[in-house]
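Ligands are counted one by one from 1 in listed order, and the atoms in each one are counted from 1 as well.
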Amino acid sequence: MRKRLVIGNWKMHGCLVENEKLLDSIVAGLDGLPANQFAVCVPYPYLPSVQNTLKNTNVSWGAQNVSQYEKGAYTGEVSVSMLNDFGCTYVIVGHSERRALYGEDNDIVAEKYMAAQRAGLIPILCVGETLEQRDEEITEQIIQEQLMAVINKAGVGSLSKAVIAYEPVWAIGTGKTATPEQAQEVHVFIRSSVGMQGNNIAKELTILYGGSVKANNASELFAMPDIDGGLIGGASLAASDFVAICNALSN
Ligand code: 13P
């Protein structure tokens, strides 16, 4: 059975007081649901307090980025061992905002992915095309390149300890969700591309959809056979929405 997951990506939102309220409501709302299916990826400074709030609950936590380097003169960066100090399970790598705004190319993303795995963290590898690329009908080529950059360096077997998130850039923060059919089509492409390298790895690979997942569209997305859950931006900042999306996974 493939693992199913809903993970919140808070991006650069939150403050100590609001986070506490948000997490208390999420924990209460998810009480009784299975363990190992839910997580939030939060800004670095909040990791200690998030760890404190979420330890002994069924909600895991992680970060949104990490350095590819272990340590050294890298002002402003955060290493995998620092994330381990605060009990992180996950780290997002290659989010399209990092690729577009911070110049992270496929090689850097692959290095971050490998650094995360060396430290025992589960990388959530984001892939996805821009609107221009979709219009040019090169979606599959772009995703193939993003995937192969990692597989070529880390090996297909590494995906047994990773999660992939398909996040079409045109659907992120725009309110324009990919239709379940559009998302399913790309998820099948991802699974079959991985399958060419390792069939069993592909079958067990958790592939999340991200891009304007909301309480009112999560169920139809999660009902698709190759969509194993979601990576949630805006709707992870409102407890009732996030809890509803988590429930959509379990139903
Ligand atoms: P939204 O859910 O706000 O569209 O963001 C998706 C995303 O980027 C999650 O990583």
Side-chain angles (χ1 to χ4, degrees), residues 4-14 18-19 22 26 37-44 46-47 50 59-66 83 88-102 104 109 112-113 116 121-131 133-134 139 142-143 146-147 150 162-180 182-184 186-187 190 206-222 224 227-249:
R4 288 164 69 75
L5 285 172
V6 170
I7 299 184
N9 173 10
W10 288 4
K11 308 192 179 181
M12 198 171 74
H13 293 287
E18 291 299 323
N19 297 349
L22 174 61
I26 289 173
Q37 289 201 334
F38 313 112
V40 287
C41 289
V42 307
Y44 296 134
Y46 299 128
L47 284 170
V50 168
V59 184
S60 307
W61 60 94
Q64 301 167 14
N65 181 33
V66 73
L83 299 187
C88 289
T89 302
Y90 297 101
V91 59
I92 297 172
V93 297
H95 191 282
S96 61
E97 287 151 16
R98 305 271 345 149
R99 293 177 189 262
L101 303 173
Y102 299 96
E104 292 188 9
V109 173
K112 291 183 176 214
Y113 170 102
L121 294 159
I122 299 175
I124 302 164
L125 171 66
C126 297
V127 298
E129 81 288 4
T130 63
L131 188 57
Q133 290 163 338
R134 177 160 280 260
T139 296
I142 294 299
I143 288 176
Q146 292 169 335
L147 279 177
V150 168
V163 170
I164 289 185
Y166 168 55
E167 298 208 317
V169 179
W170 48 271
I172 295 177
T174 58
K176 261 194 227 158
T177 321
T179 64
Q182 278 175 322
Q184 167 67 13
V186 179
H187 282 228
I190 293 171
T206 299
I207 309 177
L208 309 181
Y209 168 77
S212 298
V213 178
K214 307 289 176 202
N216 63 7
N217 60 23
S219 297
E220 54 178 14
L221 286 161
F222 299 167
M224 302 308 280
I227 300 182
D228 306 312
L231 185 57
I232 319 298
S236 71
L237 300 172
S240 58
D241 290 343
F242 190 65
V243 167
I245 294 168
C246 292
N247 272 302
L249 185 75

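Counted by atom type alone, His95 and Glu167 present one or more donor-acceptor pairs between their side chains at under 3.5 Å.
Within the 4.5 Å cutoff, side-chain heavy atoms of Leu83 are placed close to those of Tyr44. Within the 4.5 Å cutoff, the side chain of Asp241 has no heavy atoms near those of the Lys214 side chain. Looking at Met224 and His187, their side chains never come closer than 4.5 Å, going by heavy atoms from C-beta outward.
For the pair Thr177 (side chain) and Ser212 (backbone), a donor-acceptor distance under 3.5 Å is present. With hydrogens and angles ignored, the 3.5 Å screen pairs a side-chain donor or acceptor of Asp228 with a backbone N or O of Ile207.
Within 4.0 Å of ligand 1, protein heavy atoms come from Asn9, Lys11, His95, Glu167, Ala171, Ile172, Gly173, Gly211, Ser212, Leu231, Gly233, Gly234.
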